[in-house]
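Counting begins at 1 with the first residue of the sequence. All values reported here derive from a predicted model rather than from experimental measurement.
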Amino acid sequence: MEKFAAGGAGSGGYEAVEHLSRQQERHYRLLSELQALVKALPSPCQQRLSYTTLSDLALALLDGTVFEIVQGLLEIQHLTEKNLYSQRLQLHSEHRGLKQELFHRHKEAQQCCRPHNLPLLRAAQQREMEAVEQRIREEQRMMDEKIVLELDQKVIDQQSTLEKAGVSGFYITTNPQELTLQMNLLELIRKLQQKESESEKAFS
C-alpha cells in the first residue's frame with residue numbers, strides 16, 4: 001500500500017516535470033518567434049526590445065490569456081473608432097442639410113423682395129450665413145476634440161489592462177516614444193496570435 005502511494009507521488013512529480021518542460025519548450029518557441037518578428041520593426045524599436053523584454057513577453061503569453069485580452073481590446077477599439085466615425089459623418093450630413101435649407105430660404109426671400117430692399121436683405125443674409133458657418137466650424141472642432149479624448153481614453157484603458165495582466169512594457173504613459181514601443185509590442189502580440197491560430201489549424 002505504501003509502495004503504491006509512493007509510486008503515485010512519483011508519477012505526479014513526473015507529470016509536473018513533463019508540464020514544466022512543455023512550458024519551457026513553448027516559452028523558447030514563443031521567444032524565438034518574437035525575435036524573428038522584431039527584425040521587421042524599425043531599428044530604434046529593435047534596440048529598445050531587449051532579450052529580457054522579449055523573454056518576459058513570451059512568459060506573459062504562455063497560457064494564451066493575453067492573446068484573448070489583446071483581441072478583446074482591439075475589438076473594443078475598432079467598435080469605438082467605427083462609432084466615432086459614424087457620429088462625425090452624421091454631424092457632417094446635418095451641417096450640409098442646414099446650409100442647403102438656409103440657401104433655399106435666402107433664395108425664396110430674394111425672389112419675394114422688392115428691388116430697393118434687396119441690398120439690405122443680402123447683407124442680412126450674408127451675416128446669417130457667416131454665423132451658421134461659424135457655428136458649423138465650432139461644432140466640428142468640438143466633435144474632433146471629443147474623438148481625440150475618447151481615443152486617448154481607449155489607449156489608457158489598454159495600457160492599464162495590459163499592465164494589470166503583467167505584460168512587460170505596458171503602463172499608463174503619454175510619452176510618444178513609449179507609445180510607439182507599446183504599439184509595436186501590440187503588433188508583435190497580434191502577429192504571434194495569428195501564427196499560433198494558423199499552426200493550431202494545421203494540426204487540427
Are there more than 12 heavy atoms of other residues, nucleotides or ligands under 6.0 Å from atom [atom1] of [X]?
{"X": "M129", "atom1": "CE", "answer": "yes"}
{"X": "R26", "atom1": "CZ", "answer": "yes"}
{"X": "R137", "atom1": "CZ", "answer": "yes"}
{"X": "E163", "atom1": "CD", "answer": "yes"}

Exercise: identify the closest heavy-atom pair between [X] and [Y]:
{"X": "G169", "Y": "L185", "answer": "CA-CD1, 4.0 Å"}
{"X": "G166", "Y": "A60", "answer": "O-CB, 3.9 Å"}
{"X": "S55", "Y": "H27", "answer": "O-NE2, 3.0 Å"}

Interatomic distance, [X] atom [atom1] to [Y] atom [atom2] [nearest 0.5 angstrom]:
{"X": "R122", "Y": "R127", "atom1": "CZ", "atom2": "CZ", "answer": "14.5 Å"}
{"X": "K191", "Y": "E187", "atom1": "NZ", "atom2": "CD", "answer": "5.0 Å"}
{"X": "L181", "Y": "R48", "atom1": "CG", "atom2": "CZ", "answer": "5.0 Å"}

Passes side-chain contact (heavy atoms from CB on, under 4.5 Å), I136 versus Q140? Steps please.
CA-CA 6 Å; I136 285 173; Q140 280 175 343; 4.0 Å; yes
Partner of R105 under side chain to side chain donor-acceptor pair (under 3.5 Å), picked from Q125, E128, Q100, Q110, is E128
Using side chain to side chain donor-acceptor pair (under 3.5 Å) as the criterion, point out the one residue from E150, K146, H92 that pairs with Q87.
K146
Please tell me whether L84 and V155 are part of a single hydrophobic cluster in this structure, the criterion being side-chain heavy atoms less than 4.5 Å apart.
no
Got F67 and L192 here, is their nearest side-chain heavy-atom distance under 4.5 Å?
yes
Side chain to side chain donor-acceptor pair (under 3.5 Å) between D63 and T65, intermediate numbers included
CA-CA 6 Å; D63 70 349; T65 312; 2.8 Å; yes
Check ion pair [X]-[Y] (N to O, under 4.0 angstrom):
{"X": "R22", "Y": "E15", "result": "no"}
{"X": "R141", "Y": "E145", "result": "yes"}
{"X": "K154", "Y": "E81", "result": "no"}
{"X": "E138", "Y": "R135", "result": "no"}
{"X": "R29", "Y": "E196", "result": "yes"}

Residues E178, Y171; criterion side chain to side chain donor-acceptor pair (under 3.5 Å); working and verdict
CA-CA 9 Å; E178 295 302 310; Y171 59 95; 3.0 Å; yes
Strictly by modelled atom types, are T53 and S50 linked by a side-chain donor-acceptor pair under 3.5 Å?
yes
Verdict with reasoning, Q71 to E75, per side chain to side chain donor-acceptor pair (under 3.5 Å):
CA-CA 6 Å; Q71 186 63 35; E75 280 169 16; 3.1 Å; yes
